[in-house]
Amino acid sequence: IIIGNIIGFSSSASGGLTTIGGADAGGLLNKIRGIDIINTGLITPSSIQGNTIGGFAHTSNYNNPFKAEAAFIGITAGHNGSGKYHIGNITANTIGSQSSNTITLTHGGTIEDQAWAIGIYDGSASADSIFNNTIGGITINGSGNALNFTGICVAGFSGTGNVAVKNNTIGGSTAAGSVNDLQTGLYSCYGIEVTNSSAQISGNTIRNFNFGSSKTTSPAFAGIYASAGSGIFQVTKNTVHSISGMPAAAGVSLHGLLLDITDDNNTVEKNFVHSIETNNDASVSGITANLGRAIYRNNVVRLGINKLGSPITASHIIYGIAQYAAANNNAFYHNTVYIGGSGAAGNSNSYAFYGNSNGNTRNYSNNNLVNERTNGAGTGTHYAIALAGISGLSSNYNNFYTAATSRFTGLLAAADQTTFSNWQLASGNDDMSVNGNPLFGNATGAAGLVNLAITAGSVCNNEALPGMAT
């Protein structure tokens with residue numbers, strides 16, 4: 001048991017800084033581990049509870065592509081694939097702070113995908129639990145441009161452990177407790193990254209990230225990134241919000257939830273993604289179904305409005321929910337998407353729902369897909385739904401709402417469907433769907449006030465498919 005320790009800081013009262021750096025024979029090749037536990041048994045889990053790790057001013061040029069060998073890790077458990085661990089399930093561990101900057105990482109590396117900073121790293125192949133932990137108040141800077149950040153990284157060694165990552169908070173409650181990567185370069189920022197064979201990712205909050213990555217070879221940001229060759233994932237009741245990624249170049253992608261999971265029978269439900277801001281023709285996706293088969297239901301996405309409740313006018317592509325060709329036989333039920341923002345610049349389009357697959361089985365029912373984004377000097381087109389084709393499609397009892405110049409109901413096989421009736425005729429679907437203002441409670445509110453529940457008089461009342469559970 002490792003419990004109640006204060007690690008870092010220059011005083012036992014969790015104050016001041018411990019400075020680690022300075023010249024060494026290897027050229028600043030130092031690493032930090034707040035807690036590092038390995039080679040424990042599989043019967044009784046090792047318990048890591050109530051520890052506080054912070055107060056570091058760390059300077060390093062250490063590079064290594066393996067995340068277990070990151071330049072900074074607050075807590076690392078089983079990095080050689082061994083052991084079983086409970087991290088924070090009784091008393092939360094704190095990495096950094098939720099209200100002030102207590103960890104500063106200065107890194108000089110310039111090689112893409114070669115340097116990492118991680119809050120909690122779990123490398124075992126067991127059914128570990130990572131509950132209730134808080135990570136925040138972290139600033140990354142320096143002469144380099146390639147230090148990646150992950151709040152919680154679970155990278156099991158081809159095991160079958162069904163790891164549980166629940167009720168963690170990554171990113172502070174105030175601006176001072178944010179995760180800030182001030183480098184301008186080629187790096188990724190992830191809230192939670194899980195590459196285990198199976199996982200339950202539930203009740204986590206990822207918030208207040210600020211970064212300037214121009215990375216295009218992989219996502220510059222993902223609130224939750226689930227990627228595994230096998231196993232069943234349950235991604236439920238997570239919240240991702242108040243994200244600001246300002247790249248210096250086009251082609252960058254930001255995702256609230258990114259699912260690269262290849263097995264069947266996954267569930268993605270009751271997640272809330274909102275207030276993600278970017279520029280320079282980057283793309284933002286609330287929920288991205290990239291691989292695998294899953295049921296996506298009761299998720300809520302609000303994009304095109306920043307955390308202050310102001311329109312995001314910079315040119316960027318918006319996908320509320322995106323389903324790609326390799327994401328086979330998915331079902332989307334009872335999801336709500338709102339795309340907003342007036343005065344949009346540039347020529348980037350926006351889509352409440354986007355699907356580029358055709359031929360695989362797809363079921364879309366009882367979704368509320370609203371796009372109220374409008375142009376200023378821009379020339380983009382803003383759609384409720386866009387699909388590559390209708391082979392294998394079953395779609396009904398949805399609401400598609402757009403109502404202005406530059407806003408069309410749909411895009412089907414690259415052809416604009418300017419009205420709802422055009423969409424019904426061209427798709428051969430949605431005969432029981434509707435087209436009206438859902439009257440959301442507060443679609444354009446600041447981050448703490450967003451409310452996409454429908455109100456009295458909404459066209460969506462009593463329009464759901466009979467007998468379908470929400």
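In this chain, numbering begins with 1 at the start of the sequence shown.
Judged by distance alone, with hydrogens and angles left aside, the side-chain atoms of S427 form a donor-acceptor pair with the main-chain N or O of N429 at under 3.5 Å. A side-chain donor-acceptor contact under 3.5 Å links T419 to the backbone of N422. A distance-only check finds no donor-acceptor pair linking the side chain of D281 to the backbone of A250 [under 3.5 Å]. Between the side chain of Y187 and the backbone N or O of D181, at least one donor-acceptor pair lies under 3.5 Å. Between the side chain of N360 and the backbone N or O of G392 there is no donor-acceptor pair closer than 3.5 Å. One N or O on the side chain of N349 and one on the backbone of T381 form a donor-acceptor pair closer than 3.5 Å. Checked by atom type and distance alone, the side chain of N132 never pairs as donor or acceptor with a backbone atom of N168 at under 3.5 Å. Listed for the H107 side chain is a donor-acceptor partner under 3.5 Å among the backbone atoms of Y62. Put simply, the side chain of D430 never gets that close to the backbone of S433: no donor and acceptor are under 3.5 Å apart. Distance alone, capped at 3.5 Å, places no donor-acceptor pair between the S458 side chain and the I454 backbone.
Taking the side chain as every heavy atom from C-beta outward, F56 and I32 approach each other to under 4.5 Å.
Looking at every heavy atom in both residues, Q183 comes nearest to A146 through OE1-N, 3.3 Å. Across every non-hydrogen atom of H316 and A282, the tightest pair is CB-O, 3.1 Å. Scanning both residues, N399 and C460, for their nearest heavy atoms gives ND2-SG, 3.6 Å.
To the nearest 0.5 Å, atoms CD1 (I318) and OH (Y383) are separated by 14.0 Å. To the nearest 0.5 Å, atom CD of residue E277 and atom OG of residue S242 are 10.0 Å apart. Once rounded to the nearest 0.5 Å, the distance linking OH of Y351 with CD1 of I339 reads 11.5 Å. With values rounded to the nearest 0.5 angstrom, S198 atom OG is found 10.0 Å from I261 atom CD1.
With sequence neighbours excluded, the residues satisfying salt bridge (Lys or Arg N to Asp or Glu O under 4.0 Å) with K67 are E193. For the ring-ring contact (aromatic ring centres under 6.0 Å, His included) test, residues two or more places apart in sequence or in another chain that qualify with Y190 are Y225.
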Set out, in order, the CA-CA distance, both residues' side-chain angles and the distance that settles side-chain hydrogen bond (donor to acceptor under 3.5 Å, both in side chains) for T402 and N371, then state yes or no. CA-CA 5 Å; T402 60; N371 195 333; over 6 Å; no
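Taking the centre of each ring, F211 and F221 come in below the 6.0 Å mark. The distance between the ring centers of Y364 and F353 falls below 6.0 angstrom.
No option in K307, H241, R302, R207 other than R302 meets the side chain to side chain donor-acceptor pair (under 3.5 Å) test with S275. Here the rule is side chain to side chain donor-acceptor pair (under 3.5 Å) with N299, and of T236, N271, N238 only N271 fits it.
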